[in-house]
Each structure stands twice: as structure tokens, then as C-alpha cells.
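For reference, the structure is listed below as C-alpha cells.
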Amino acid sequence: MAGQSREIAVVLLAAGKGARMKSSVAKVLHPIAGRPMLAYPLSAAEGLEPACLIAVVGHDAEVVEATFSGRATFVRQEEALGTGDAVLRARSALDGFRGDVLILYGDTPLLRTETLRRMSEVKLATRADLVLLTAVVDVRGIILRDGDGRVLRVVEAPDASPEELAIEERNTGVYLIDADLLWKTLAGVDNRNEQGEVYLTDIVERVANEGRRVEAIQLEDAEEALGVDTRVLLAQAEAALRRRTLNRLMSDGVTIVDPATTYVDSDVEIGQDTTIEPGCVIQGDTRIGCRAHLKPHCTIESSELGDDVVIGPSAHLRPGCRLGRGVRIGNFVEVKNSTLGEGVKADHLSYIGDADVGAGASLGCGSIVVNYDGIAKHRTVVGERAFIGCNANLVAPLTIAPDSFVAAGTTVTKDVPRDALAVGRPKQRHIEGWVSRRGRVGGSPEKSGRKR
Ligand code: UD1
């Protein structure tokens, strides 16, 4: 019978430089599907509700700590002396902790909470002292088992024989081990190996040699173990996370017409019966309601869209937009940091920036909110049911009262009162016979008698 589950402390290793990324930015800060890489293993670990979460940081430590402030206790490893040394940096932060320590890496964004939970369940059910996560993947640590399948040790590829190199089962670098046993075992590990590093993997042989039980769980979905240390693997992880997000949305009742050309970040939420047509890019912290329709080639960044909105084709919502129910944003309309009330329409070729537009207002084709004077941004308020004619310029700061009407082509620089027509355009005049005198377009000047 399985015993009581034990408390878990997490140690997340993220001190490495990630030299193969060829970047001035720390590897774990590279964005993947809208979050920095480290956010993924951090969330996977948070899913276990651990007693504490320690992140070992080194390269670009200040930025990593600032980015994830509040989500982990940070300890520093100033010099990358090996995975064993990195874990030892967490020891004082875990002083007095008596449960299990889960060790994982900051560069494995595809690892799932369920997998980590399964490790804990297996540890409990088998009364193992150490549980390892393995997979058939191309990484350095080779799993050596005896004839009965018991794990004997992990040998690193540079230290392995040709026979050992042929073994396909590899160490993903995720371990669950009793805290006291970890510190006792790790204390005896040195750096006498090909790479001159303190190998965390050495604890496996030491624990096994003491006659203790080591269990290895092999991942069915080896992709979960993907460790990102190049830009090629970064793109591979991004594609896998995108696929997961699209599958989640489709199973929640969202129609994705063409998953292959739809790019949705991990934190995006979309309501039932919304349809996303090909070529849409939905980024950041975006929330979209039910029955919305995104026509092809829209880009939406960190915005909130209510139920029944219709966007696009080819519309761009920049960060900070809040669109009420039934809003319609059409072709080549850009909206930024603006609130659009229920039923607002801007069907073609508009720019709406830093504006609060009341319910039922309508912005005609080519209408522009002039929000920037070259130095500062200013806000514009458009009241409910106001009608903004085509090609109007609304020069902020400005308030257009509800139920007012701005004539097409007007450049509005003064507040417009309620129920008024604002019109500001030169009067049209006619010059009779001008066309014949000038010569018709495409006609010959001789025939028209035009003077040259
Ligand atoms: C390690 C394992 C190997 C396993 C592989 C899986 C050891 C000795 N080897 O190899 O068995 O198959 O991971 O990917 O453990 N890190 C630090 N400080 C250090 C060194 C590493 O924080 O001093 C962090 C890195 O940032 C990274 C993780 O530990 O997140 C793994 O380091 P990496 O150098 O990629 O490990 P490998 O040598 O590939």
C-alpha cells in the first residue's frame, strides 16, 4: 500500500550560459510562445504545489531574478562547475527540509506537471530512494541497467565506452530524491571525470551501490525532455508548445481553420464557438470571448476582446485594447491602448490610438486618431453613438460628446458638443468648362484645343 505523499522542494538549475544560443541574453530568458523559457519548467514545478522552489542562477542572474521575482528563492552559482555543484548551492536554502527534492532544468520547457507528479507517485508506490526520468533522446547521460533492469548508474557520453554509447535510454536530468540522502550522497561526489565537473549523475551510482532502490521512468513522449540549447531547438520547442495551445483551444470548442498557419501564445484564452481563420497571430496575455470571428491575417497583442467581436481581415490590435461585445474592426484597422464599447464599428483603414470610444460609436473609413504630437501621447474620448465620418482626423487631447456627428474629411481640434455636427473643410467650388480647356485625361491636346 502506498504511504502518505511527502513534501516536495524543487531545485531548478538555470545557471548555465547557454553558449550555443550565441546570444547576449541568458538562455532561460529567450521567449517561447510568449513566455520566457524558464517560465515553463517553473509552472510545471508550481503545479506540484511544492513547499519551496529554489532557482540556481548564474549567467545574467540579476535579470533572471528580476523577471521571476516572487516565484522562486534564488541562489547563485557564480561559476558553472557542474550540475552537482549547482544543486549544492541550494543546500543552505533547504536547511531543515526533510521531504523529497525534485531537481530539474530551466531549459526544458515541454516538461509537464503530470510527469513530475507521476515521479512522485512512483517513488511513493515503489518506496524508491531515487526516481529518475529517462527518455530515448540524444543527450549525454547514458542509463546503465543490470540484467534485471535495475538502474546501476549514469555514464556521461565523454566518459562512455563504444558499447555504452550505443544505449538509447538517456538521462533527462530530472530527479526526485529524499533530501537527507541527496546531501549525504552529493557531499562525496568529486570532479574527477573527462569534463572536470561535479556531476550530479554520480549520485545515481552511489545510491544504487548502497543497495538502495533507484527507479527510472521512461517518457513515452520523448519530446517532453527536449532541452533547448540552440536556436534550432528553440524553434522546435516553440512549435511543440504552439501545437499544445491549439489542441487545448480546439478541445475547448474553438474552431482553428488552419492550425499550421495560426500562431497562438501559451497564455491566450479563447471562448467557445470562436473561429480563427488562417494567418492569425494572437500574442501575450490576450483574452477573446465566445462566438468571436477573427478573419484571416489578424495580429492581436495582449488585448481583451468580448463576445461576438468580428476582427479583420488584416487588422492589428496592439497591446492594451479592450473591445466590448459585438465590436467590428475591419481591414487594415490598427487599434492601440484603447477601449471600444459595445457595438463600436471601425470597418476600414483606421487608426485608433489611446482612445475611449463609447458604445455604438462608428468610425468611418480612413478616420484617424491623432494621438501623438511628436513629444507626448494624448487621449481621445468619443462618446456613445457618435458618428465619425470618413477621413476625419481627431487631434488629441479631445472629447467628442455622445450623439455628435463629425463630417467626412474634418480635422477636429476642439471638443465637439452633444448632438452637434462638426464640420471643418474648405467649401467646394466649381470652375465651369475647366476640364475641356485643360484637355481630357487620355485625350490628345490637339483635339481639345488646349494651349500648350
Ligand atoms: C546533463 C547530465 C546528463 C543529461 C543531460 C540532459 C550531468 C553531469 N549530466 O548533461 O546526464 O543527459 O543533462 O540534458 O548532470 N547547470 C548549472 N550549473 C552548472 C552546469 C549546468 O546550472 O554548473 C544547468 C544548466 O543551466 C542546464 C542544466 O544544468 O539547465 C544542464 O546542464 P547541461 O550543461 O546542459 O548538462 P549536460 O552536460 O548536457
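Start at 1 and go down the list; that is how both ligands and their atoms are numbered. One-based numbering along the sequence shown.
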Distance flag for [atom], protein heavy atom under 4.0 Å:
atom	result
atom 15 (O) of ligand 1	yes
atom 12 (O) of ligand 1	yes
atom 35 (O) of ligand 1	no
atom 29 (O) of ligand 1	yes

State, yes or no, whether a side-chain contact exists between [X] and [Y] at a heavy-atom distance under 4.5 Å.
X	Y	value
Ile32	Leu234	yes
Val151	Leu130	no
Pro41	Leu111	no

Could you tell me the separation between the [atom1] atom of [X] and the [atom2] atom of [Y], rounded to the nearest 0.5 Å?
X	Y	atom1	atom2	value
Ile311	Asn331	CD1	CG	11.5 Å
Arg112	Asp221	CZ	CG	5.5 Å
Ile142	Asn171	CD1	CG	10.5 Å
Arg98	Asp180	CZ	CG	4.5 Å
Leu176	Lys123	CG	NZ	5.5 Å
Ile368	Glu334	CD1	CD	9.0 Å

Test your reading of the structure: does [X] have an N or O sitting under 3.5 Å from an N or O of ligand 1?
X	value
Val56	no
Thr172	no
Thr83	yes
Gly141	yes
Glu156	yes
Leu13	yes
Tyr199	no

Quick one: which of [options] has a heavy atom closest to [atom]?
atom	options	answer
atom 27 (C) of ligand 1	Val11, Val204, Asp107, Leu104	Asp107
atom 4 (C) of ligand 1	Asp138, Asn171, Ile203	Asn171
atom 26 (O) of ligand 1	Pro41, Ala55, Ala157, Gly16	Gly16

Run the contact test for [X] against ligand 1 with a 4.0 Å cut-off on heavy atoms, strictly below, and give the result.
X	answer
Gly227	no
Leu81	yes
Arg140	yes
Thr201	yes

Do me a favour and list the nearest non-hydrogen protein atom to [atom] with residue, atom name and distance?
atom	answer
atom 22 (O) of ligand 1	Ala15 N, 3.0 Å
atom 23 (O) of ligand 1	Gly82 N, 2.8 Å
atom 18 (N) of ligand 1	Gln77 OE1, 2.7 Å
atom 1 (C) of ligand 1	Tyr105 OH, 3.2 Å

side-chain contact (heavy atoms from CB on, under 4.5 Å) with Val11: of Leu102, Leu94, Leu53, only one passes, and it is Leu94
Surrounding CG of Asp190 (heavy atoms of other residues, nucleotides or ligands, distance under 6.0 Å), is the total greater than 12? yes
Heavy atoms only: give me the nearest Val28-Gly106 pair and the separation to one decimal. CG1-O, 3.6 Å
Minimal heavy-atom distance between Leu241 and Ala33, with the atoms involved, is CB-CB, 4.3 Å
Out of Arg145, Arg170, Glu168, Glu169, which residue meets the side chain to side chain donor-acceptor pair (under 3.5 Å) rule with Thr134? Glu169
With a heavy-atom distance limit of 4.0 Å, tell me whether Ala86 approaches ligand 1 through its side chain, its backbone, both, or neither. side chain
Under 4.0 Å, heavy atoms only, figure out whether ligand 1 is touched by the backbone of Arg170, its side chain, both or neither. neither
